[in-house]
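Inspection log for the structure reproduced underneath, given as structure tokens.
Below, each value reflects all heavy atoms present in this structure, side chains not excepted, and no hydrogens, waters or symmetry copies. In what follows, chains carry the letters A, B, and so on, assigned in the order in which the sequence lines appear, proteins first and then strands, with residues in each chain numbered from 1.
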Protein chains: 2
Amino acid sequence: MNYQQAKIRADILKALAHPVRVLIVNALADGERCVCVLNELAAIDQSNISRHLASLKRAGIVSDRRDGMKVYYRLETPCILKAFECAVEVVRADTKRRNKDLKAV
Amino acid sequence: MNYQQAKIRADILKALAHPVRVLIVNALADGERCVCVLNELAAIDQSNISRHLASLKRAGIVSDRRDGMKVYYRLETPCILKAFECAVEVVRADTKRRNKDLKAV
DNA sequence: TGACCTTATGCTGATATGCGCATATAGTAT
DNA sequence: ATACTATATGCGCATATCAGCATAAGGTCA
């Protein structure tokens with residue numbers, strides 16, 4: 001793998017690497033949602049959610065569709081959810097390891 | 001999922017979200033490597049590689065082992081590689097979509 | 001048209017990240 | 001102890017990211 005290829009992968013991961021964006025992607029797992037609903041995922045300004053959605057869209061992870069006044073976002077590549085499972089596995093393994101280290105003391 | 005849980009996942013993804021760290025993890029896929037080898041993955045300062053390794057370690061993604069003067073790093077959770085596959089899938093799907101859009105014009 | 005609702009964008013400041021250089025630390029060897 | 005190799009850390013600078021506020025832009029409805 002060369003640097004350019006690594007950068008492409010890194011950019012996708014970076015697009016996912018924020019708590020609010022993780023919440024958004026997770027919420028979209030079951031299907032499309034309008035911004036108004038996603039707004040309630042975290043206690044932050046509406047403009048902020050809008051920007052997070054924009055960066056997910058830029059990365060190709062979600063796409064949007066307007067219906068009247070509302071805009072609906074949906075996952076373009078549900079495989080993204082696997083990346084989360086993996087993250088959980090890292091944390092779980094890490095916790096287990098640290099506990100073992102503690103016992104060894 | 002609450003914000004705290006989302007943050008934990010985001011922190012793992014963030015630890016992976018840099019071209020150099022992607023290169024490192026990719027290089028470790030086949031087994032442990034010493035820093036001296038990882039140093040050659042990209043044209044950057046040695047101190048920089050060291051820091052990237054430290055952040056991967058902090059996240060629990062790699063672990064290290066000293067042998068004489070050398071320090072060897074290895075993947076602690078190989079499932080990380082799946083996250084990359086997923087990133088590739090996102091890019092591929094995105095490219096395909098854009099091409100279709102172009103044809104539609 | 002004007003009032004209203006939903007979502008996006010410009011601006012600015014605060015904080016985080018990444019980099020190289022110099023230097024510290026750990027280990028080996030003479 | 002000295003010299004040498006390998007890796008990590010302190011520092012300062014440049015740039016990126018994120019937040020909120022204000023406001024624009026797109027759409028509805030009376």
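- At whole-Å resolution of the value, CD1 in B/Ile49 and C1' in C/dC19 are 12 Å apart.
- Between the side chain of A/Ser47 and the base of D/dC21, a donor-acceptor pair under 3.5 Å is found.
- Among the heavy atoms of the strands, none lies under 4.0 Å from B/Tyr72.
- Residue whose closest nucleotide on DNA chain C sits further toward the 5' end, between A/Ala54 and A/Met69: A/Met69.
- Smallest separation of non-hydrogen atoms from B/Asn2 and A/Leu23: O-CD2, 3.8 Å.
- In this structure, A/Lys82 and B/Glu85 have side chains that are not in contact, with every pair of non-hydrogen atoms separated by 4.5 Å or more.
- Backbone-only engagement by A/Ile44 is indicated by non-hydrogen atom pairs under 4.0 Å involving sugar-phosphate atoms exclusively.
- In this entry the distance linking CD of B/Glu40 with P of D/dT7 reads 11 Å, nearest Å.
- The two residues A/Pro19 and B/Ala10 make their nearest non-hydrogen contact at N-CB, 3.5 Å.
- Rounded to a whole Å, the CG atom of B/Leu41 is 13 Å from the P atom of D/dT7.
- B/Asp64 has its CG atom 10 Å from the P atom of D/dT9, to the nearest Å.
- Between the CG atom of B/Asn26 and the CZ atom of B/Arg21 there is a distance of 15.0 Å, given to the nearest 0.5 Å.
- For B/Asn48, a side-chain nitrogen or oxygen approaches OP1 or OP2 of C/dG20 to under 4.0 Å.
- Atom NZ of A/Lys14 is separated from atom C1' of D/dC18 by 14 Å (rounded to the nearest Å).
- For the pair B/His52 and C/dT17, the criterion of a side-chain N or O lying under 4.0 Å from OP1 or OP2 is not met.
- Checking C/dG27, C/dT7, D/dC21 against every side-chain atom of A/Asp45, the shortest atom distance belongs to D/dC21.
- Minimum atom distance to the side chain of B/His18 is reached by C/dG18, of the listed C/dT17, D/dG20, C/dG18.
- Residue-to-nucleotide contacts include no donor-acceptor pair under 3.5 Å from the side chain of B/Gln46 to the base of D/dA6.
- Atom CG of A/Leu56 and atom P of C/dA8 are 12 Å apart (whole Å).
- In this entry the distance linking CZ of A/Arg65 with C1' of D/dG27 reads 15 Å, nearest Å.
- Under the 3.5 Å distance criterion, with hydrogens and angles disregarded, no donor-acceptor pair is assigned to the side chains of A/Thr77 and B/Glu89.
- Rounded to whole Å, atom P of D/dG20 lies 11 Å from atom CG of A/Asn39.
- Across every non-hydrogen atom of A/Ala27 and A/Leu38, the tightest pair is CB-CD2, 4.1 Å.
- Within the 4.0 Å cut-off from OP1 or OP2 of D/dA8, at least one side-chain nitrogen or oxygen of B/Tyr73 is found.
- As judged by a 4.0 angstrom heavy-atom cut-off over every strand, A/Lys57 is placed among residues making no nucleic acid contact.
- In this structure, B/Lys70 does not reach the C/dT28 phosphate: none of its side-chain N or O atoms is under 4.0 Å from OP1 or OP2.
- For B/Arg51 against D/dG10, a side-chain N or O and a base N or O form a donor-acceptor pair under 3.5 Å.
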